[in-house]
Structures are given as structure tokens and as C-alpha cells.
Amino acid sequence: MAGCARKSSLFCNKRIELIPHGIDESVFAPVDKKIARHVLGLPPDKKLVLFGTLNALADLNKGFDLVRATLPYVKKEEESSDLEIVVIGANEPQNEFDLGFKTTYLGTFHDNVSLRLVYSAADGMVSSSRLHRTRITVLFCL
């Protein structure tokens, strides 16, 4: 990417810095999606969106309420039978609430092999947070 930027007419005279990935790519290299889903017991034919955080319901800064508020807009764009939510970092709540999509709770993982499988099984990921109680960030990637 840095090489492409250096060759571009827009950036060729600008300082280009390469920031390496913050994760060890040898540990988190992708696993075949079909294999990952089979091992985790997830459906092979659905679009799976991953949401992962510890204490999502107890900690307002995690922004789970933002995810909940965003999902109805997603439902307008997606056929609800094709998309499922996969939650890691939490077990199924005792008083489960309807997110508008089938939701699977995988619990908490404590090893990189399991996390590698989960990330490989997903088609997208929702990441949300409140920063400094004033900034709100919601990222939805598919």
C-alpha cells in the first residue's frame, strides 16, 4: 500500500509511513470459513456478523445499545433470514431480547486458536464504543 501511495501523483511528494498490523498475522491467519463454521457449529449458508466485547450489557462505554439501535436499519437493507448475529464475550442473557435477527451467543474465549476460528467464520463485524462520553463510534463492516 505504501508503495502504491509513493507512486501516485497525489501522494508522491508526501511523507508516507507504513503502520504494521497490530496483530500477529501468523497467529491470526484466516482459516477456511466452512471449516471454522463447522467447528463452531455455525450455519454454513448465512451471513454472520460478529459482535464481541466483555461486559457489553453492563458497561455503557462498550456501546451495545448503539448496536441495538443500528440493527433495525440493517434489517431494512438485508433479508433477515440471511443474516445472523454471533456474539462472543457473553453468554446468552437470562432475559433475552429480540435483536431482529437470529442471535447465537458463543460465550468467552481465552485462546487465540478459538478466536482465530470465530473471526474466520464471520462475514463482518460490528464494533462500537463511546469515547470520552461524547464521541460515539459505530463501525459496521461487511
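Note that the structure is a prediction, hence the values are computed from the model and not measured.
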Query raised in the report: Would you say Met125 and Val27 are hydrophobically clustered, going by side-chain heavy atoms of ILVMFWY under 4.5 Å?
Result: yes
**Report entry** Common cluster, Leu18/Leu10, ILVMFWY with side-chain heavy-atom separation under 4.5 Å
**Finding:** no
Minimum heavy-atom separation for [X] to [Y], with atom names?
X: Leu48; Y: Ala121; answer: CD1-O, 3.9 Å
X: Ala36; Y: Ser120; answer: CB-CB, 4.0 Å
X: Ser114; Y: Phe109; answer: CB-CD2, 3.3 Å
X: Asn112; Y: Phe28; answer: OD1-CZ, 3.5 Å

Query - N/O donor-acceptor pair under 3.5 Å between Thr103 side chain and Phe101 backbone - result: yes
Side-chain contact test, heavy atoms from C-beta onward, threshold under 4.5 Å: evaluate it for [X] versus [Y] and give yes or no.
X: Val118; Y: Leu40; result: yes
X: Ile88; Y: Leu115; result: yes
X: Val49; Y: Glu84; result: no

Query raised in the report: Do NZ/NE/NH1/NH2 and the carboxylate oxygens of Arg37 and Asp123 come within less than 4.0 Å?
Result: yes
Report task. Any chance you could lay out the side chain to side chain contact (heavy atoms under 4.5 Å, CB included) test for Leu42 and Val86, step after step, and finish with the verdict? Result -> CA-CA 9 Å; Leu42 296 171; Val86 177; 4.2 Å; yes
Query raised in the report: Which pairs count as side chain to side chain donor-acceptor pair (under 3.5 Å) when at least one residue sits in residues 3-20, sequence neighbours excluded?
Result: Arg15-Glu17
**Report entry** Point-to-point distance, once rounded to the nearest 0.5 Å, from CG of Leu117 to CG of Leu106
**Finding:** 10.5 Å
